[in-house]
Amino acid sequence: MADPVKFMVDGQHLQAPAGTLLINAAKEAGIAIPAFCYYDGISLQAACRMCLVEVEKTPKLQVACTLPVAEGMVVHTDSPQVRKARKGTLEFLLTNHPLDCPVCDKGGECELQDMVFRYGAGESRYRETKLHVDEKQWSPIVFYDAPRCILCYRCVRICGEGLGVAALGIGNRGAAAEIVPNKGDHLECDECGACIDICPVGALTSGTYRYKTRPWEMEHVGTICTHCSDGCKTTLGVRNGDIMRANNRDRSGVNDEFLCVKGRYAFDFNENPDRLTAPLVRTNGELKPVSWAIALATVAKKFSEVKAKGGTFGVIGSNHTSNEENYLLQKFARQVLGTSNIDHHRTGDVATLLDALSGRTNALAATADLYTTKAALVVDSDLAQEHPFLAYQLRANWRHHKARVYAVTPGPVREDNYGTGVRAEPGREFEALDGLRSKLAAEPELLILFGAAVKGEAIRQLVAFGDSLGIPVKYVCLVDYSNSRGASDMGVLPDLLPGYHHVSEAGLEPGMNCDQILSAPNLDVLWVVGANPLARQPLAAANAFVVVNEMFLSTETARRADVVFPAMSAYEKNGTVTNVCGDVQKLTKGAKTMGTKSDLDIIALLAKEMRADLGATTPEQVFEEIRTAVPGYQKLPFGVIETGGAAATSPLNGRVQFDPRPELIRPAGNTLFTSGTLGRFSPMLNSVIESPGALYHDPHHRPFIEKGSGQIVTVQDK
Amino acid sequence: MRYNEPSPLEVRVISQRFDLPNSASIDTYLANEGYVAIKKALDMTPEAIIEELKRSSLRGRGGAGFPTGMKWSFVPRNTGKPTYVICNSDESEPGTCKDRLLMENDPHQLIEGMMIAAWTIKSNKGYIFIRGEYRYLIEIVDRAIAEAYERGYLGKNLFGSGWDFDLYTHTGAGAYECGEESALLESLEGRRGVPRLKPPFPAVVGAFQSPTILNNCETFASVPVIIRNGGIWFAELGTPRNGGTRLVCVSGHVNKPGVYELPMGFPVMRLINEVCGGMRNGKKLKAVIPGGSSAPVLRAEECENLPYDYDSLAKLKTMAGSGGLVVLDEDTDIVAVALRTIKFYAHESCGWCIPCREGTTWLKKILTRFHEGGGQKSDIDLIGDLADNMLGRTFCALGDAAAMPTTGFITKFRDEFEAYLKKSQTTAPVPELVNI
Amino acid sequence: MTFSPELEARFAKLLKSYPPGRTRSAVVPMLLYAQDEVGCVSQELIEEVARRCGVTTLQVDEVIGYYSMLHRKPLGKYHVQVCTNIACQALGGEELYEHASRTLGLGNKEATPDGLISLEEVECMGACSWAPAIQINYDFHHLVTPERFDRLIEALRDGSYGKKAS
Ligand SMILES: Cc1cc2nc3c(=O)[nH]c(=O)nc-3n(C[C@H](O)[C@H](O)[C@H](O)COP(=O)(O)O)c2cc1C
Ligand code: SF4
Ligand code: FES
């Protein structure tokens with residue numbers, strides 16, 4: 001590395017690598033240079049002129065946000081001249097900015113307010129009228145108030161550069177300039193709300209939050225989004241137990257500041273009036289609210305009876321609940337109920353991948369690798385729809401590090417817009433991969449992400465393909481829900497224990513899988529924890545006693561139940577979840593719904609009621625047990641997770657013995673605007689459903705190859 | 001057409017063909033030393049061409065007066081990228097109407113100048129960016145380009161040298177800011193005419209991300225005669241460091257306003273009194289705006305013994321700018337001129353940066369109120385201070401172009417502003433301060 | 001959208017004028033040339049230009065908002081533009097505009113009910129030495145007095161404009 005550059009800021013001798021922007025170099029040294037338009041990670045604008053500083057031997061004030069530090073440079077960031085410039089700029093800004101701070105959503109966390117407080121003018125010199133333009137609503141979520149807009153273009157850049165959607169532009173010119181949406185008077189976009197959160201002032205406000213609360217009335221709780229498997233960190237703004245908003249403005253977590261429409265706005269299922277708040281027990285054919293004591297006793301009694309007579313249990317776990325809950329559920333099933341009939345809705349063939357990779361190290365990608373890998377290959381997944389954060393991260397890697405991205409998919413995908421896109425039907429992806437072989441082999445390394453269509457033997461074939469390239473390759477099996485990976489790791493499977501050990505190692509026989517449980521005519525008890533399997537397949541055993549842990553009664557499964565336990569959502573409990581890349585992160589209790597309990601508590605209370613000893617039963621205790629008992633989780637650094645970080649699991653190494661049953665792998669099929677059951681109960685999500693096809697690509701440039709055309713076509717070659 | 005009578009005091013170098021019949025046609029051009037310089041240039045190395053330009057002390061006629069030879073020498077060679085030659089015929093600086101005549105009366109001279117630039121950097125493509133209002137000139141220049149193609153002066157393998165050069169016109173659509181070189185490039189690329197971050201300068205990263213020579217129309221038009229007659233010859237027409245002649249656009253209260261080609265350093269008072277036939281109606285001179293509306297105004301006294309060239313005007317803290325000289329007589333309402341000037345900049349501010357966007361708007365509002373009789377004594381200092389808060393702090397030079405003349409009017413004619421207050425003040429109450 | 005053969009030829013030439021992959025460059029010229037034929041920048045035209053140049057309609061919208069000669073609503077068949085910038089102002093440009101406004105009964109950027117004439121106060125248009133100046137569509141008229149202005153308008157109304165020297 002070249003020698004660092006030496007320079008001086010406000011009397012401090014500093015050094016930084018050549019090319020460092022002065023604004024960042026100063027920040028490193030604790031010297032804050034104010035700025036509106038400068039924003040880490042997106043392009044430079046130098047438009048707001050707030051960051052002007054004095055550089056000795058240059059006649060004019062210099063713009064710190066675009067000025068690279070130079071050897072011997074002497075900078076003053078707080079000279080009288082600089083102070084006058086800042087004050088002057090703020091005065092200019094305020095001439096047309098309405099002073100409606102008392103009713104502005106941004107009041108209290110507005111960058112303009114803060115700047116005026118620090119650097120601004122005390123007295124007005126303005127006698128003219130302010131421009132007025134009416135506020136506009138661009139979508140159910142996005143409102144724009146032009147007079148408040150300071151034209152820093154952050155929204156335009158995050159949408160165009162960050163998301164690759166480019167739904168915002170600039171209209172008019174001069175003092176009449178304003179931000180405009182892509183469809184004249186409305187937006188057609190991902191509705192991710194990144195524009196709103198990145199706005200330094202209250203020009204862009206959210207339909208779900210506006211005029212609801214003041215920022216200081218909320219508690220801010222960092223937890224993990226519950227909608228998809230990407231596991232974005234989100235900060236919930238909670239007031240009186242209700243979630244008012246979600247964002248990741250502190251840029252913590254695996255996702256930097258990214259959140260998709262679901263992460264940022266679809267928390268409203270949590271406050272849906274249809275939430276169950278009392279246990280229900282079927283009496284005389286009808287589900288009636290009862291006390292927790294009665295409900296627990298009813299179930300414990302039934303479980304004990306069936307166990308005593310050697311009856312058949314079926315337990316279906318969840319890919320939404322925490323690792324602790326999944327772990328405890330399989331322990332309860334195997335130890336208390338004495339059954340191996342346990343499974344969950346599998347959305348990816350993780351076990352086969354682990355088996356195919358046995359004996360290797362460094363073959364599983366962590367989330368962070370998506371931002372650093374030199375090249376990535378996406379097979380059979382529309383990331384922007386199914387894994388919005390992974391799509392964002394690959395794009396960020398391309399933007400910031402020029403990573404090459406290849407996509408072999410049946411339909412057009414966003415990656416086509418900047419990478420190499422190849423259209424191939426599922427089943428013919430290996431032909432397409434062969435066509436890419438020489439290019440991929442020329443890469444220094446590769447990260448392969450594959451969707452649910454690649455399962456069973458195809459995974460082994462894919463790994464063989466990776467091996468044949470002769471370069472280091474890492475893999476991500478794209479499972480779908482917020483803790484699909486955790487359910488699999490925790491052994492919510494009929495033939496695998498936690499950590500992918502075969503049940504025979506514990507002297508057990510493999511049990512029935514999900515489909516077998518549902519179609520078993522002799523089933524006595526079905527216990528479904530946070531899932532809705534009856535939406536897909538009816539229950540064969542007409543007389544089975546059905547217990548369901550759920551948030552809503554209107555799922556097919558809950559309506560069939562004999563007892564329904566009102567469950568907490570992920571936003572209401574502590575625990576951990578494991579994301580699609582195997583990174584473990586911590587759930588922190590934010591919201592509250594009276595009358596509900598966590599699935600962990602429900603399992604523990606049932607055990608107690610049945611006088612069984614499960615050992616550890618608090619989230620912390622169970623996590624400790626996981627850390628000692630589950631291979632792959634043993635080395636998890638507790639401190640990292642406890643402080644809100646993400647830590648990679650390493651659930652390897654060695655062959656995995658199991659019955660792969662690829663037909664049980666069923667992708668969730670969620671899009672950017674759906675999220676299984678949760679999505680059905682989010683009024684916000686249902687209000688913005690956009691036509692997903694319209695969002696893929698620029699229709700003018702790229703030939704659209706119809707699905708089912710049987711062609712393999714390279715549509716974009718970069 | 002030339003629209004005004006020539007003056008015997010002119011030195012006709014780049015306007016020498018203006019009055020010939022069919023002056024725009026290639027035949028007229030060829031019969032009058034046309035396309036001689038490019039043939040000469042083809043035998044010269046790029047260094048030699050640049051050297052000749054440096055010797056000519058030709059400075060950019062677009063506004064900033066940057067030495068042209070030096071600018072061309074900044075274009076990196078052999079980057080593997082294509083290079084471009086762009087002519088700035090956006091001509092939007094109030095007071096300026098010379099590029100119009102160059103394109104209307106002698107388009108081939110411009111084409112030849114651009115060819116020499118292209119040959120110097122081995123460029124294969126050039127564009128003439130013409131403001132949208134000049135539609136008829138696009139037709140004229142397109143016709144000239146077509147003629148040049150027909151005769152083999154444009155296109156493939158020119159003069160058997162193996163070098164290809166294609167030239168096109170490109171229209172603007174109403175935006176002063178597109179005259180700023182980087183905004184022009186944005187506009188050429190199909191976007192809003194908003195300036196680019198500099199550095200890199202267009203010489204290094206210009207049109208289509210590639211090295212580019214970008215000059216004013218008159219600058220290019222001056223090149224053939226320099227190559228033909230030599231840099232020294234051209235330089236000696238003017239004053240030291242201010243080579244050659246330039247087209248001066250005189251407007252306002254003189255008897256014979258018009259565009260005249262004069263040697264650099266020609267005295268301003270002789271220009272008014274002899275070339276332009278003196279002040280209209282025998283009025284007294286009050287002020288001169290010497291280089292387009294961006295140039296700070298001069299009081300009549302300051303124009304005595306003032307040579308019209310870059311350096312002499314710079315000494316008076318104003319500029320020769322685009323060569324537009326507006327002459328104002330004793331009856332002129334300076335407040336009205338200041339208001340009209342800032343109105344223009346407020347209308348043309350692209351809105352990209354805060355000080356320019358908000359500063360021009362605020363100044364326009366104050367001056368409007370002042371002009372209507374609602375002024376206050378404190379407004380005068382406020383105007384000065386706001387202009388000061390813009391100067392040197394905006395993203396591009398448009399902010400300076402708005403601030404400088406405003407400061408000029410306030411400082412040079414403060415007495416008029418003060419007098420204006422007394423005579424105009426209405427009984428209307430002074431507007432209250434608005435909370436900001 | 002269908003255009004005249006001349007305009008189509010112009011478009012074809014434009015699209016070939018720029019380096020490969022740079023058809024976006026043609027957006028502004030296409031809009032302006034098409035506006036001259038169609039009368040304004042209609043939504044249909046926006047979509048057509050976007051399609052031909054390979055850009056999004058938002059990118060076209062951004063451009064239209066920026067350039068003062070592009071307009072979404074039709075102006076008069078004859079668009080009369082009066083410059084009032086400093087050189088014209090010095091020689092009566094503002095009074096000429098007032099005169100035009102009064103006699104035509106039009107405010108800035110308004111058109112007569114029959115759609116024949118529209119009026120606009122414009123910035124300097126490069127005729128300063130021959131001020132005050134106006135433009136009718138793309139034709140310059142120099143040294144315009146109120147009387148000459150009235151004669152020009154009369155010619156617009158009786159259809160003789162452009163047919164005899166004015
Ligand atoms: C706001 C602004 C407007 C300008 N307008 C023009 C113009 O209309 N014509 C022009 O040639 N240069 C104009 N310029 C100057 C150009 O940026 C550039 O310096 C010039 O075209 C370079 O050519 P030259 O070196 O031959 O002068 C303008 C500059 C600014 C800041
Ligand atoms: S504009 Fe500035 S100003 Fe804003 S952040 Fe920057 S330069 Fe910096
Ligand atoms: S000032 Fe009117 S044309 Fe220049």
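Below, each value reflects all heavy atoms present in this structure, side chains not excepted, and no hydrogens, waters or symmetry copies. Computed from a predicted structure; not experimentally measured. Chain naming here is simple, since letters A, B, ... match the order of the sequence lines and numbering starts at 1 in each.
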- Item | Among C/G65, C/S68, C/A26, residue most engaged with chain B (heavy-atom pairs, under 4.5 Å) | C/S68
- Message: If we define contacts as heavy-atom pairs under 4.5 Å, which of C/N137, C/L70, C/V27, C/L32 has the most with chain B?
- Response: C/L32
Has the side chain of [X] got a donor or acceptor atom that lies under 3.5 Å from a matching backbone atom of [Y]?
| X | Y | value |
| --- | --- | --- |
| B/Y168 | C/K13 | no |
| C/S129 | B/P257 | no |
| B/E91 | C/G126 | no |
| C/Q81 | B/E133 | no |

- Query: Is C/K109 atom NZ crowded by more than 12 heavy atoms from other residues, nucleotides or ligands, each under 6.0 Å away?
  - Reply: no
- Does CD in C/E37 sit with more than 12 non-hydrogen atoms of other residues, nucleotides or ligands closer than 6.0 Å? yes
Would you name the heavy atoms of [X] and [Y] that are closest together and state the gap between them?
| X | Y | answer |
| --- | --- | --- |
| C/P19 | B/Y84 | CG-OH, 3.1 Å |
| B/P94 | C/C128 | C-SG, 4.4 Å |
| C/R10 | B/I138 | NH2-CG2, 4.0 Å |
| B/Y134 | C/M125 | CE2-O, 3.4 Å |
| C/L91 | B/H253 | CD2-CD2, 3.8 Å |

- Query: How far apart are the C-alpha atoms of B/R192 and C/Q59, what are their side-chain angles, what is the distance that settles it, and do they pass the side-chain contact (heavy atoms from CB on, under 4.5 Å) test?
  - Reply: CA-CA 9 Å; B/R192 297 163 61 83; C/Q59 289 167 330; over 6 Å; no
Please classify the contact between [X] and chain C as side chain, backbone, both or neither, with a heavy-atom cut-off of under 4.5 Å.
| X | result |
| --- | --- |
| B/L325 | neither |
| B/L101 | side chain |
| B/R100 | side chain |
| B/V337 | both |
| B/L167 | neither |
| B/D90 | neither |
| B/Y176 | neither |

Just so I understand: if I count every heavy-atom pair under 4.5 Å between each of [options] and chain C, which residue has the most?
| options | value |
| --- | --- |
| B/V326, B/D166, B/L188 | B/L188 |
| B/E348, B/E139, B/K343, B/K256 | B/E139 |
| B/V327, B/V250, B/V254 | B/V250 |
| B/N4, B/T332, B/T341 | B/N4 |
| B/S293, B/A336, B/G324, B/P82 | B/A336 |
| B/G351, B/C350, B/A207 | B/C350 |

- Item | Verdict with reasoning, C/W130 to B/C97, per side-chain contact (heavy atoms from CB on, under 4.5 Å) | CA-CA 9 Å; C/W130 316 289; B/C97 46; 3.8 Å; yes
Look up atom [atom1] in [X] and atom [atom2] in [Y], then write down how far apart they are to the nearest 0.5 Å.
| X | Y | atom1 | atom2 | answer |
| --- | --- | --- | --- | --- |
| B/F208 | C/R24 | CZ | CZ | 11.5 Å |
| C/Q89 | B/L328 | CD | CG | 8.5 Å |
| C/L14 | B/H170 | CG | NE2 | 8.5 Å |

Toward chain B, the part of [X] with a non-hydrogen atom under 4.5 Å:
| X | result |
| --- | --- |
| C/E62 | both |
| C/F140 | side chain |
| C/Q35 | neither |
| C/V60 | neither |

- Query: Should C/M69 and B/T171 be marked as a side-chain contact (heavy atoms from CB on, under 4.5 Å) after you check the CA-CA gap, both sets of side-chain angles, and the distance that decides it?
  - Reply: CA-CA 11 Å; C/M69 289 173 72; B/T171 183; over 6 Å; no
- Query: Do you see a donor-acceptor pair shorter than 3.5 Å between the side chains of C/Y67 and B/S187?
  - Reply: yes
- Can you find a side-chain donor-acceptor pair between B/R135 and C/Y138 that sits under 3.5 Å? yes
- C/D139/B/Y136 under side-chain contact (heavy atoms from CB on, under 4.5 Å): CA gap, chis, key distance, verdict: CA-CA 8 Å; C/D139 303 340; B/Y136 80 107; over 6 Å; no
- Message: Students often mix this up, so state it plainly: with edges at 30° and 60°, are the rings of C/H142 and B/Y3 parallel, tilted or perpendicular?
- Response: perpendicular
